[in-house]
Amino acid sequence: MSTTNGQWYPPEWPERIRLLSAGELTPVTPRRAATVLLLRDGPCGTAGQDAPRDARDTQGGDGERTPDEFDAAGRPGAARESAGAPESAAAAEGAATPPEGLPDPAGGAVGPAVYMLRRRASMAFAGGAYAYPGGSVDPRDERMVTWAGPSRAQWARRLGLDPGEGTQAQAIVCAAVRETFEEAGVLLAGPTPHTVVADTTGDDWEADRAALVARDLSFAEFLDRRGLVLRSDLLNCWARWITPEFEPRRYDTWFFVAALPRGQRTRNASTEADRTVWIRPGDAADGYDRGELLMMPPTIATLRQLADYGSVADALAAATDRDLTPVLARARVENGELVLSWPGHDEFTKHIPGATGGPSA
């Protein structure tokens, strides 16, 4: 990790970069994955320091508010059933004091807050880093589900896949929705194409969530058994990053944005996280810049991009036109040192002295 900021930088990377440059390392094929930047307007706060994994966050919907409604493209919508609206500005319930190392929420700040979790230090990949809910695509995510929103072919085009890869596009979107439910307890699905479930708490929901995590239950079976429609229109894609070729755990990850549905609450439901927080992107970026919050490059990059928007609706609308060209780190030899760079993101460039071997493509 850098000594001047919170950039995640594994100590084994320089040697792996040298091996790749020398042609002695074969890159691993990345697994497809999805992660979700879950957003909400209004005050932000934390779930509490070292909150137990079954504890609820202090932020969430109460199911009684009447915010303006919008879909994933930011378009105003006609009034729907109360369970279908994303949550908007409202007073926080019992906002907690930020845990050590996190900046205080900006009391007068404007703009959406994003839900983040801190990966346990024991995790083999990015341990201790702050991230968003997400994970790998399950092959069973390709199974047919009841679907609302843009067609699978439209999603394939948006995700940069071939037009005929509608099934694979569905799998990526399903992974985004499934992982958000598994890790945050938030479900972007409803009984009709125009509603979202209002409450995902209770023993029956927890049993289903645990079965999904254990892979005892496929997401398609879960939705079918509960008579739910996947709301793909509540998601929009923000970015795509691919783990560097020299990393042994590689992912081709699509980053989605979505609004927290009214009535639902986030909670630390993941065994992989030891802390969760609702925080404004600018505050999180400031913590990273001070070296207090550890993050991978795509996480801090997306936070910096989100900091420019004044509301959830603005961010969701902006996602429609974002460039989804994959960002893939490159390593090269230059003047006797290895240079690691991420195209279009100069702040992450690393210069590693003592390089040997030839350049890597």
Side-chain angles (χ1 to χ4, degrees), residues 8 26-38 72 117 119 123-126 129 131-145 147 149-184 186-189 212-215 217-223 230-258 270 272 296-299 301-302 319 322-330 342-345:
W8 178 69
T26 301
V28 175
T29 300
R31 299 177 61 183
R32 284 179 170 175
T35 191
V36 176
L37 286 67
L38 196 61
L117 51 83
R119 295 172 59 83
M123 296 297 294
F125 183 80
Y132 313 115
S136 300
V137 171
D138 182 336
R140 298 176 301 171
D141 289 331
E142 295 184 5
R143 296 180 182 179
M144 285 295 100
V145 299
W147 184 273
S151 69
R152 293 164 177 82
Q154 289 174 310
W155 269 111
R157 289 191 292 271
R158 177 60 185 140
L159 297 177
L161 305 179
D162 291 334
E165 291 189 277
T167 301
Q168 289 72 30
Q170 175 197 283
I172 295 166
V173 174
C174 277
V177 176
R178 175 179 51 75
E179 289 284 345
T180 303
F181 179 58
E182 289 181 8
E183 297 196 345
V186 171
L187 183 60
L188 301 176
L212 287 168
V213 172
R215 299 297 181 258
L217 180 69
S218 73
F219 195 56
E221 292 168 332
F222 163 72
L223 294 176
L230 186 143
R231 292 289 306 278
S232 81
D233 57 322
L234 297 183
L235 292 157
N236 213 333
C237 204
W238 187 266
R240 181 182 178 186
W241 287 66
I242 301 177
T243 311
E245 293 178 332
F246 44 82
E247 167 59 42
R249 300 171 184 83
R250 299 191 66 208
Y251 302 93
D252 182 355
T253 305
W254 283 262
F255 287 73
F256 293 84
V257 288
S270 174
E272 299 179 356
M296 292 175 282
T299 308
T302 50
R322 287 192 54 81
D323 181 9
L324 296 186
T325 300
V327 180
L328 173 63
R330 299 294 184 186
W342 279 259
H345 300 272

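Model, not experiment: these values are computed from the prediction.
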* Assess the pair F222 and F181: is the distance between their ring centroids shorter than 6.0 Å? =>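 Yes, they do, as the ring centres are separated by less than 6.0 Å.
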Which atom of [X] lies closest to which atom of [Y], heavy atoms considered:
X    : Y    : result
N236 : W155 : CA-CH2, 4.2 Å
A184 : P133 : CB-CG, 4.2 Å
P248 : V28  : O-CG2, 3.8 Å
V145 : R152 : O-NH2, 3.0 Å
L328 : P244 : CD1-CA, 4.0 Å
G149 : D233 : CA-CB, 3.7 Å

Quick one: pull up [atom1] in [X] and [atom2] in [Y] and give me the separation to the nearest 0.5 Å.
X    : Y    : atom1 : atom2 : answer
T180 : L234 : OG1   : CG    : 11.5 Å
T35  : F256 : OG1   : CZ    : 9.5 Å
L324 : W241 : CG    : CH2   : 13.0 Å
Y251 : I242 : OH    : CD1   : 14.0 Å
S232 : Q170 : OG    : CD    : 9.5 Å
D141 : S218 : CG    : OG    : 8.5 Å

Does [X] reach the main-chain N or O of [Y] with its side chain, forming a donor-acceptor pair under 3.5 Å?
X    : Y    : value
E245 : A329 : no
R250 : P27  : no
T299 : A131 : no

Taking only residues two or more places apart in sequence, or in another chain, which ones meet [X] in a side chain to side chain contact (heavy atoms under 4.5 Å, CB included)?
X    : answer
Q168 : R32, E142, L161, E165
E179 : E182, E183, R215
R240 : D252, W254, P326

* P298 side chain near V327 side chain, heavy-atom distance below 4.5 Å -> no
* State whether a side-chain donor-acceptor pair under 3.5 Å links T302 with W238. =>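 No, because no side-chain N or O of T302 sits under 3.5 Å from a partner of the opposite role on W238.
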* To do: Before accepting this row, confirm whether a basic side-chain N of the pair R178/D138 lies closer than 4.0 Å to the acidic partner's carboxylate O.
  =>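 Not counted as a salt bridge, because no side-chain N and carboxylate O are separated by less than 4.0 Å.
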* Kindly determine whether L188 and L230 satisfy side-chain contact (heavy atoms from CB on, under 4.5 Å), including the steps that lead there. => CA-CA 7 Å; L188 301 176; L230 186 143; over 6 Å; no
* Report the C-alpha separation of L212 and F219 in whole Å, then their side-chain angles, then the decisive distance to 0.1 Å, and conclude whether the side-chain contact (heavy atoms from CB on, under 4.5 Å) test is met. => CA-CA 7 Å; L212 287 168; F219 195 56; 4.3 Å; yes
